[in-house]
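Within every chain, numbering begins at 1; the chains are lettered A, B, ... in the order of the sequence lines, protein sequences first and strands thereafter.
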Protein chains: 2
Amino acid sequence: MDPDLTTILAAYRRLVTTLNRAKTHAQLTEAAGVRLDRPDVQILVHLLDEGGPRRIGAIAEALRVESPHVTRHVSALERRGLLERVRDPDDGRAWRIALTQHGAEAADSCRRISLKWFGGALADWSDHDRAELARLLDRLADDIQDEVHIPSG
Amino acid sequence: MDPDLTTILAAYRRLVTTLNRAKTHAQLTEAAGVRLDRPDVQILVHLLDEGGPRRIGAIAEALRVESPHVTRHVSALERRGLLERVRDPDDGRAWRIALTQHGAEAADSCRRISLKWFGGALADWSDHDRAELARLLDRLADDIQDEVHIPSG
DNA sequence: TATTGTTATACTCTATAACTATA
DNA sequence: TATAGTTATAGAGTATAACAATA
């Protein structure tokens with residue numbers, strides 16, 4: 001019974017309960033002035049973070065979802081003009097998914113709201129605590145990934 | 001453009017991408033030796049954390065879902081003998097949802113696996129860093145909750 | 001009649017399976 | 001014929017609306 005461990009797990013769950021709900025997503029899209037569902041936002045913001053076109057398979061792998069899911073959302077976003085397909089320079093048969101100007105703007109709006117929320121939450125924090133949280137949370141994400149995907153038994 | 005903020009947001013998303021997927025849930029239930037879907041686990045572990053019977057409405061509020069969702073899962077878990085309804089001592093018309101022995105064991109198994117994952121991830125961390133993460137993540141969960149639910153505009 | 005919970009329904013999110021196309 | 005992606009389908013997760021029951 002490690003009290004730190006218990007606190008960390010409980011805090012993580014509380015965070016997810018707050019952020020990962022339909023109402024929270026509705027708040028985000030309203031504030032961002034976009035009409036996008038959650039997978040849409042994930043894909044658009046992922047492409048913005050990556051900084052360039054990516055293949056369907058690469059997006060699916062990064063978001064840890066199956067590719068048909070990505071295909072459907074990408075197709076819909078393409079029809080709406082937020083994404084476009086460009087030839088993969090490395091592989092003539094393949095295409096990459098690229099943000100259009102409109103898509104990049106929508107992605108940026110969404111990311112801005114998330115950053116605003118986190119920024120608001122951390123507004124009263126000391127520089128030291130913010131830097132420590134960044135360091136520790138980044139390391140936790142790495143280590144959890146290793147722990148879950150390469151389970152020791 | 002605050003680099004700490006960006007890191008924190010990205011790390012949080014990475015954490016969710018790792019932990020909040022069907023395959024991860026399947027890994028958890030297999031390791032725990034239970035056959036439960038995600039809402040089932042959330043409800044059971046929540047009741048275990050609370051340490052006593054709770055009303056449907058209170059569970060829904062704590063998990064930030066709508067009550068019909070809780071009703072359905074609780075009813076199914078009741079039929080399977082993991083939960084039972086007991087009279088609310090404070091309000092004769094109302095019932096509270098209580099873990100049975102079997103339900104408490106299942107909840108404990110699931111929580112144990114989550115703790116094992118986090119414990120494994122933090123195994124190489126210094127005591128200081130673990131304590132700091134606990135302090136900072138707990139505070140973040142509080143502050144995000146305030147920020148999102150009492151939005152400043 | 002206000003509160004709480006339930007039943008009925010529908011929408012969102014994501015997975016699996018079967019198929020297609022291209023090198 | 002291996003790889004990447006798509007179409008089709010189904011199941012899990014969650015919300016809204018309408019209703020029931022009880023103080």
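Applying the 4.0 Å criterion to OP1 and OP2 of D:dG5, one finds that A:R55 has a side-chain N or O inside that range. Between A:R85 and D:dT6, a side-chain N or O to OP1/OP2 separation shorter than 4.0 Å is present.
Using a 4.0 Å heavy-atom distance criterion, B:P68 is classed as a base contact. Counting any heavy atom pair closer than 4.0 Å across all strands shown, A:R96 reaches no nucleic acid atom.
Counting heavy-atom neighbours within 6.0 Å of B:E61 CD, excluding the residue itself, gives a total of 12 or less. With a 6.0 Å radius and a threshold of 12 heavy atoms from other residues, nucleotides or ligands, A:E50 has its CD atom above the threshold.
Closest approach to the B:T71 side chain among C:dT7, C:dC13, D:dT6 is made by C:dT7 (side chain taken as heavy atoms from C-beta onward). Checking C:dT4, C:dA15, D:dG13 against every side-chain atom of B:A22, the shortest atom distance belongs to C:dA15.
Remark: A:D40 does not engage A:R35 in a salt bridge, criterion side-chain N to carboxylate O under 4.0 Å.
Residues A:V70 and A:K23 each lie close to DNA chain D; by heavy-atom proximity, the contact nearer the 5' end of the strand is made by A:V70. Residue whose closest nucleotide on DNA chain D sits further toward the 5' end, between A:S67 and B:R64: A:S67.
Here the P atom of nucleotide D:dT22 and the CZ atom of B:R87 are 9 Å apart, to the nearest Å. Rounded to whole Å, the distance from CG on A:D40 to P on C:dC13 is 8 Å. Rounded to whole angstrom, the span from the CG atom of A:N20 across to the P atom of D:dA15 amounts to 11 Å. In this structure, the CZ atom of A:R72 is 13 Å from the C1' atom of C:dC11, given to the nearest Å. With rounding to whole Å, B:R21 atom CZ is found 13 Å from D:dG13 atom C1'. Straight-line distance from the NE2 atom of B:H73 to the C1' atom of D:dA12: 8 Å, rounded to whole Å. The separation between A:E66 atom CD and D:dT9 atom C1' is 15 Å, rounded to whole Å. Here C:dG5 presents its P atom at 14 Å from CD of B:E78, a figure rounded to the nearest Å.
A:Y12 and B:V41 sit in two unconnected hydrophobic clusters of ILVMFWY residues. Membership requires side-chain heavy atoms under 4.5 Å apart, directly or through other members.
Relative to the six-membered ring of B:W95, B:R87 meets both conditions, a distance below 6.0 Å and an angle of at most 45° to the axis.
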